[in-house]
2 protein chains.
Amino acid sequence: MSTKTIQEIRAFNRFYTDLIGLLNKHLLNSDYSLSEVRIMYEIHTAGEAQASQIMAAMDIDKSYLSRILKKLEKDQLIARKASEQDGRAVVLSLTKAGEDLFQELTRATEQQIGGLVNHLNTKQQEELVAHMQAIRKILQGNL
Amino acid sequence: MSTKTIQEIRAFNRFYTDLIGLLNKHLLNSDYSLSEVRIMYEIHTAGEAQASQIMAAMDIDKSYLSRILKKLEKDQLIARKASEQDGRAVVLSLTKAGEDLFQELTRATEQQIGGLVNHLNTKQQEELVAHMQAIRKILQGNL
DNA sequence: TAAATTTAGTGGACTTTGTCCACTAAATTG
DNA sequence: CAATTTAGTGGACAAAGTCCACTAAATTTA
């Protein structure tokens with residue numbers, strides 16, 4: 001592969017790192033960090049999840065995760081119950097309050113993204129999405 | 001804009017966040033953090049830079065930046081000299097050792113990216129780059 | 001042109017985020 | 001059933017980042 005190719009990819013990476021950084025800033029006003037929200041996302045998406053699954057999905061330290069889960073439970077955003085299949089494992093789910101908060105954070109994120117693209121016309125938006133899908137398809141083996 | 005559009009963008013953001021996280025992992029073995037390397041990048045690219053420029057480019061806290069610059073100077077990777085135009089400002093540049101280290105880190109990063117795309121054929125690589133350029137072009141007003 | 005404000009950078013003190021290790025207990029493997 | 005692996009917790013610490021107060025130079029403004 002050419003140097004040019006790699007340089008272009010790196011330029012995109014810098015660009016997108018900055019963009020993601022910008023988007024994630026709105027979490028600074030919330031009481032929850034990016035990791036915490038991502039954990040809620042994982043639980044929300046799975047419906048029920050074990051810590052070990054989240055660990056794998058996020059590639060996060062289990063000790064760190066354990067602490068975050070403790071905080072989320074203290075805040076009554078998640079519930080834990082013993083797994084029936086595995087005595088070591090704990091099954092996590094979002095409480096009503098957790099779902100509510102998650103929805104609210106989701107709305108805020110969606111508004112942010114709206115702000116990013118609302119000056120684009122429909123065709124440009126469709127193209128943007130198509131490029132994103134294409135990139136995911138090309139690179140997805142790497143994750 | 002449609003919900004679908006926003007969902008797709010969010011899916012891409014999650015995907016690319018993970019990918020960037022993966023790529024940045026190689027820095028864990030180095031003695032320098034992502035921020036430190038990015039600062040070196042900014043100085044390298046500019047040739048000479050003031051702290052305030054880096055601050056603006058990276059959107060980083062000035063106090064934090066000041067500390068990092070101190071470390072880089074201690075490690076003899078950057079040199080500071082008083083600005084001639086502005087008595088408050090300091091002009092930063094990479095030393096030979098700084099350039100050398102930066103080149104080495106660059107090579108490592110490029111190899112990482114190579115690993116990401118080297119299983120793709122030339123056409124796919126070109127398409128990937130084209131998609132990235134297109135996204136940058138569409139979104140660049142936001143940065 | 002002198003006072004008021006802004007800008008560049010530093011450093012103290014602190015919080016948040018993340019890592020490493022040792023540990024318990026249950027599950028799995030041999 | 002002994003040895004190993006896996007799930008999760010918690011202590012102790014390190015790294016990353018923030019907030020505030022400060023000095024000194026530059027710029028604005030009255």
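Quick note on labels: first sequence line is chain A, next is B, and so on, each numbered from 1. Predicted model only: the values in this text are computed from it and were never measured.
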Partners meeting side chain to side chain contact (heavy atoms under 4.5 Å, CB included) with A/Lys123 (sequence neighbours left out):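 Partners of A/Lys123 under the side chain to side chain contact (heavy atoms under 4.5 Å, CB included) test: A/Asn121, A/Glu127.
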Spacing between [X] atom [atom1] and [N] atom [atom2], to the nearest angstrom:
X: B/Gln85; N: D/dA26; atom1: CD; atom2: C1'; value: 13 Å
X: A/Tyr32; N: C/dT17; atom1: OH; atom2: P; value: 12 Å
X: A/Leu27; N: C/dT17; atom1: CG; atom2: P; value: 10 Å
X: A/Asn24; N: C/dT17; atom1: CG; atom2: P; value: 12 Å
X: B/Met58; N: D/dA16; atom1: CE; atom2: C1'; value: 12 Å
X: B/Leu28; N: D/dA14; atom1: CG; atom2: P; value: 17 Å
X: A/Ile68; N: C/dG18; atom1: CD1; atom2: C1'; value: 9 Å

Could you work out, with salt bridge (Lys or Arg N to Asp or Glu O under 4.0 Å) as the rule, every residue matching A/Glu48, not counting sequence neighbours?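 By the salt bridge (Lys or Arg N to Asp or Glu O under 4.0 Å) rule, A/Glu48 matches A/Lys81.
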All salt bridge (Lys or Arg N to Asp or Glu O under 4.0 Å) counterparts of B/Asp61, not counting sequence neighbours: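 Partners of B/Asp61 under the salt bridge (Lys or Arg N to Asp or Glu O under 4.0 Å) test: none.
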What residues, two or more places apart in sequence or in another chain, satisfy ring pair (Phe, Tyr, Trp, His ring centres under 6.0 Å) together with B/Tyr41?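 Residues passing ring pair (Phe, Tyr, Trp, His ring centres under 6.0 Å) with B/Tyr41: none at all.
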Here's a test of your reading of the structure: between A/Glu84 and A/Ser35, which maps to the more 5' nucleotide of DNA chain C?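 Its nearest nucleotide lies further toward 5', so the answer is A/Ser35.
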Identify all side-chain donor-acceptor contacts of residues 128-137 of chain A below 3.5 Å with residues at least two apart in sequence or on another chain.
residue  : atom : partner  : partner atom : Å
A/His131 : ND1  : B/His131 : ND1          : 2.8
A/Gln133 : NE2  : B/Glu8   : OE1          : 3.3
A/Gln133 : NE2  : B/Glu8   : OE2          : 3.2
A/Arg136 : NH2  : B/Glu8   : OE1          : 3.3

Taking atom types as modelled, find out whether A/Thr106 and A/Thr109 have a side-chain donor-acceptor pair closer than 3.5 angstrom.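 Looking only at side-chain atoms, A/Thr109 and A/Thr106 do not form any donor-acceptor pair under 3.5 Å.
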What one-letter contact string describes nucleotides 7-12 of chain C from 5' to 3', where B marks a base within less than 4.0 Å of any protein heavy atom, S marks contact via sugar-phosphate atoms alone, and - marks no contact? BSBBBB
